[in-house]
Q: 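Shown below is the structure under consideration.
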Amino acid sequence: MAIELEPEYYLDNFRQLTDFVTVRYSDLLDLDEARFLSDFAVLSRDAQKLYVRMLTRKGDVFRRSKLQYAEITDIDEAARELARMDFIDTNPSLSLDTILKLFSKPEITAAVGDESLNRLRRDELEQSLLADATRIPELIACVASLDELFLLCRAQVFDTLKLLFFGNLRQDMTEFVLKDLGLYTFAEYSLDDESRFFHHRDQVNAHLHYYGVLDQFTDDDLQDASRLTELIAQLPVAPQEDRVLRRRVERVKLKFARQLERLGDLDLALAWYRECQTPPSRERQSRILIQQSEIEAGLALCETILETPRNEEELVFAQSFGARTARKHKHPWRKIKAYKPPEYSLVLPNQGQRVEMAVQNYFNESVATDSAGDNTCYYVENTLINSVFGLSIWEMMFASVPGAFFNPFQIMPSDFYERDFVECRKPLYEQWQTRVSSSDELSRCVLQNYERYYGQLNPLVFWGNIEPELLKTACHLIPITDWQHLFQRIFTDIKHNRSGLPDLILFHPDGLNPEFDSPLVTDRSYQLVEVKGPGDKLQKNQLRWMTYFAEHDIPHSVLNVTWDESP
DNA sequence: ACCTCGCACCCAACT
DNA sequence: CGCGCGGCAG
DNA sequence: AGTTGGGTGCGACTGCCGCGC
Ligand SMILES: [Mn+2]
Ligand SMILES: [Mn+2]
């Protein structure tokens with residue numbers, strides 16, 4: 001399905017972006033931004049096209065010969081016009097370093113006239129040319145004369161416009177293309193002219209400030225504790241009401257603090273963790289304290305977590321790490337026994353396939369034929385349960401709620417992972433509850449939404465893994481009370497409980513033959529099986545799900561597979 | 001896929 | 001020469 | 001020796017082309 005784009009698609013996309021910003025945010029624009037828009041509007045079409053082409057390419061300096069676009073009638077004339085209007089500089093003063101990056105090795109050595117330089121690696125070549133400061137002006141003139149060089153100007157203004165449009169700087173103009181090519185289909189949601197992500201200029205500036213700090217960050221900084229500290233200190237202080245910015249800033253702080261830990265700067269890491277509320281901040285603090293032999297403080301923090309856990313993972317951490325540490329240092333501790341799921345093992349011939357597939361095939365060839373023949377095993381991991389959940393809450397997810405949607409390329413509402421997602425959609429939640437009150441209702445709703453929304457992006461719905469047949473089977477063979485329990489746990493923390501579901505699901509409407517020699521559940525119509533190959537072990541999120549399964553009588557087990565390597 | 005998810009592989013500490 | 005990587009385009 | 005916990009690292013429309021080694 002090769003979809004052709006209009007020859008000037010990129011200019012059209014740029015216009016869509018600027019129109020969107022103009023309609024919603026004219027009151028937040030500063031003078032530079034307003035000038036940018038009005039100057040751009042009076043450019044010739046050729047000039048507009050060339051400028052947008054340059055904007056969407058990497059870097060800000062370009063060689064004339066590398067700008068070849070058939071759909072632009074006269075590139076040189078367009079460039080002159082852009083220069084007159086200050087959109088580009090056709091005679092920029094650039095450092096030798098910058099200029100060298102634009103040319104290939106053979107071009108540089110030929111221009112310099114020293115073939116012996118060919119033996120050097122690219123980075124060595126640059127080093128050697130930059131080494132002699134007295135030769136630099138001469139070399140700049142020499143290399144730069146190989147081609148006309150254009151410097152892109154006012155690109156920061158466009159960054160601000162993109163930020164206003166998307167609400168972030170992670171997305172870019174490729175969203176338009178991917179959508180138009182049919183690679184992405186977004187769900188329908190209402191985006192009226194009043195849907196705004198930003199409400200004050202100060203807020204825009206704070207977000208720009210945040211991305212400015214990220215921009216300064218390079219991979220080398222990860223090895224430099226003082227540099228990391230400097231960067232964290234520069235991050236903006238997000239106001240209480242800007243939840244998105246708070247989330248973003250906090251994530252970066254956690255990441256940098258974690259890196260300070262790796263670099264061995266535990267005190268600094270601790271100090272920055274203390275500035276953060278979100279997990280795993282307190283977990284890391286506790287670990288550091290214990291590492292520093294601050295046993296009392298470390299255990300006290302575990303106690304605090306036990307009293308006010310921010311999420312289940314943090315709670316489980318405090319229970320197990322607290323108990324282990326207390327035992328080791330002979331402190332009293334009220335220990336809670338960790339759940340051990342039923343486990344059994346199986347030896348299979350190694351045919352080079354994924355271990356989950358090997359087990360699925362094994363089940364389909366043996367256990368599945370156990371009774372009437374309606375038994376089947378699917379390798380679904382998170383996809384089945386999340387998809388059924390996602391299809392069932394579709395209307396709630398894309399409902400019009402203030403602040404939830406603000407750009408045309410969202411795959412979910414901005415508050416989807418927030419604690420109060422349900423609270424903010426109470427009436428729809430109550431409707432949803434009636435829809436999941438019986439197997440027939442659930443099945444009807446899920447299959448209907450499958451047809452209605454097929455292919456539309458949704459972080460919970462995995463279109464490639466679910467067929468109506470499977471959905472129907474699952475809705476009927478997993479009892480509605482089990483579905484309600486599964487949904488309930490996902491709703492309590494969508495972000496974290498979307499994952500960790502077992503690899504396989506077995507359906508057996510008439511149960512299984514109890515003679516079958518394994519701890520498989522025999523008296524239920526389905527069961528979930530987590531497969532573990534050699535060397536693998538239950539992940540934390542998998543164990544949390546299994547603990548919950550045990551509490552709610554959801555049939556489950558862990559199957560350890562070893563390979564039979566004998567010929 | 002608002003930079004994840006599950007697994008593979010490694011290491012250290014414990015039993 | 002062939003391979004892997006990254007930029008670019010649609 | 002074997003187990004357990006913890007850490008890190010890896011992939012992500014596709015297809016083409018120039019570059020570096
Ligand atoms: Mn798995
Ligand atoms: Mn598994």
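Numbers restart at 1 for each chain; the letters A, B, ... are given by sequence-line order, proteins then strands. Nothing here was measured: the structure is a model prediction, and the numbers come from that model.
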Q: Output the single nucleotide from D:dG7, C:dG10, B:dC2 whose closest atom is nearest the side chain of A:Arg287.
A: D:dG7
Q: Mind calculating the distance between OH (A:Tyr211) and P (B:dC3) to the nearest angstrom?
A: 10 Å
Q: Give A:Phe462 one of three labels, base, sugar-phosphate or nothing, depending on what nucleic acid heavy atoms sit under 4.0 Å from its own.
A: base
Q: What is the distance from CG of A:Leu254 to C1' of B:dT4, rounded to the nearest Å?
A: 16 Å
Q: Measure from CG on A:Asp12 to P on C:dA9 and round the result to the nearest Å.
A: 17 Å
Q: Counting side-chain heavy atoms from C-beta on, which of C:dG10, B:dC2, C:dC8 comes nearest to A:Ile411?
A: B:dC2
Q: Give me the distance, rounded to whole Å, that separates B:dA8 from B:dC3 when you measure between the P atoms they each carry.
A: 25 Å
Q: Would you say A:Asn458 places a side-chain N or O within less than 4.0 Å of OP1 or OP2 belonging to B:dA1?
A: no
Q: Given ring-ring contact (aromatic ring centres under 6.0 Å, His included), test A:Tyr450 with A:Tyr454 step by step and report yes or no.
A: CA-CA 5 Å; A:Tyr450 177 90; A:Tyr454 185 81; 5.3 Å; yes
Q: Rounded to whole Å, please give me the gap between CG in A:Asn386 and P in B:dT4.
A: 16 Å
Q: Are A:Tyr210 and A:Gln234 close enough that a side-chain donor and a side-chain acceptor fall under 3.5 Å?
A: no
Q: Where the side chain of A:Arg57 is defined as all heavy atoms beyond and including C-beta, which of C:dA9, D:dT8, B:dC2 is the nearest nucleotide?
A: C:dA9
Q: Regarding A:Gly500, tell me which of base, sugar-phosphate or nothing describes its non-hydrogen contacts under 4.0 Å with the strands shown.
A: sugar-phosphate
Q: Are the ring centres of A:Phe405 and A:Tyr189 closer than 6.0 Å?
A: yes
Q: Closer than 4.0 angstrom, basic N to acidic O: yes or no for A:Arg310 and A:Asp493?
A: no
Q: Mind telling me whether A:Phe549 and A:His556 have parallel, tilted or perpendicular rings, with 30° and 60° as the class edges?
A: tilted
Q: Assign A:Arg243 to base, sugar-phosphate, or nothing according to its heavy-atom contacts below 4.0 angstrom with the strands shown.
A: nothing
Q: Could you tell me how far apart A:Leu11 (CG) and C:dG10 (C1') are, to the nearest whole angstrom?
A: 16 Å
Q: Between C:dC1 and D:dG15, how far apart are the two C1' atoms, rounded to whole Å?
A: 23 Å
Q: Give the dot-bracket line for DNA chain C from 5' end to 3' end: parentheses for intra-strand Watson-Crick or G-U pairs under 3.5 Å, square brackets for crossings, | for inter-strand pairing, dots for unpaired.
A: .|||||||||
Q: Give a yes/no on whether any side-chain N or O of A:Arg258 is located under 4.0 angstrom from OP1 or OP2 of D:dG7.
A: yes
Q: Just the rounded figure in Å: distance from P of D:dT4 to CG of A:Asn560.
A: 11 Å
Q: Quick one: ring pair (Phe, Tyr, Trp, His ring centres under 6.0 Å) partners of A:Phe317, sequence neighbours excluded?
A: A:Phe321
Q: Send over the distance from A:Asn497 CG to B:dT4 C1', rounded to a whole Å.
A: 15 Å
Q: Between C:dC8 and D:dG7, how far apart are the C1' atoms? Round to whole Å, please.
A: 37 Å
Q: Can you tell me how far P of D:dG6 sits from CD of A:Glu313, to the nearest Å?
A: 10 Å
Q: Does a salt bridge link A:Glu175 with A:Lys162, judged by any charged N lying under 4.0 Å from a carboxylate O?
A: no
Q: Give the intermediate values and the outcome of ring-ring contact (aromatic ring centres under 6.0 Å, His included) for residues A:His496 and A:Tyr417.
A: CA-CA 9 Å; A:His496 301 285; A:Tyr417 293 138; 8.3 Å; no
Q: Distance check: side-chain N/O of A:Arg284 vs OP1/OP2 of D:dG6, anything under 4.0 Å?
A: no
Q: Does A:Tyr9 place a side-chain N or O at less than 4.0 Å from the phosphate oxygens OP1/OP2 of C:dA9?
A: no
Q: Please work out whether the ring planes of A:Phe176 and A:Phe409 are parallel, tilted or perpendicular, with thresholds of 30° and 60°.
A: perpendicular
Q: Any side-chain N or O of A:Arg324 under 4.0 Å from OP1/OP2 of D:dG6?
A: yes
Q: What verdict does the ring-ring contact (aromatic ring centres under 6.0 Å, His included) test give for A:Trp394 and A:Tyr453, after you've listed the backbone C-alpha separation in whole Å, the side-chain angles of each residue and the deciding distance to 0.1 Å?
A: CA-CA 9 Å; A:Trp394 198 285; A:Tyr453 304 117; 4.5 Å; yes
Q: If a protein heavy atom is under 4.0 Å from the base, mark B; if only from the sugar-phosphate, S; if neither, -; do that for nucleotides 7-15 of chain B going 5' to 3'.
A: BS-----SS
Q: Heavy atoms only, 4.0 Å cut-off, all strands: where does A:Asp180 land among base, sugar-phosphate and nothing?
A: nothing
Q: So if I apply the side chain to side chain donor-acceptor pair (under 3.5 Å) rule between A:Thr278 and each of A:Lys253, A:Arg246, A:Arg251, A:Glu250, which one comes out positive?
A: A:Glu250
Q: Scan nucleotides 9-21 of chain D nucleotide by nucleotide, 5' to 3', and note B when protein non-hydrogen atoms come under 4.0 Å of the base, S if they reach only the sugar-phosphate, - if neither.
A: ----B-----SSS
Q: Report yes if a side-chain nitrogen or oxygen of A:Tyr10 is closer than 4.0 Å to either non-bridging phosphate oxygen (OP1 or OP2) of C:dA9; otherwise report no.
A: no
Q: Tell me, which of residues 417-425 of chain A have any heavy atom that sits under 4.0 Å from an atom in DNA chain C?
A: none
Q: Between A:Lys49 and A:Glu71 (salt bridge meaning N to carboxylate O under 4.0 Å), is one present in this structure?
A: no
Q: Quick check with a 6.0 Å cut-off and a 45 degree axis cone: is A:Arg24 positioned over the face of A:Phe20's six-membered ring?
A: yes
Q: Rounding to the closest angstrom, what is the interatomic distance between C:dA9 and D:dC10 at atom C1'?
A: 27 Å
Q: Within the 3.5 Å criterion, strictly below it, is a donor on A:Asp242 or A:His207 matched to an acceptor on the partner's side chain?
A: yes
Q: Identify, with sequence neighbours excluded, every residue that meets salt bridge (Lys or Arg N to Asp or Glu O under 4.0 Å) alongside A:Glu314.
A: A:Arg282
Q: Does A:Asn382 have a side-chain nitrogen or oxygen under 4.0 Å from the phosphate oxygens OP1 or OP2 of B:dG6?
A: yes
Q: Hey, is A:Arg489 close enough to A:Glu312 for a salt bridge, meaning N to O under 4.0 Å?
A: yes
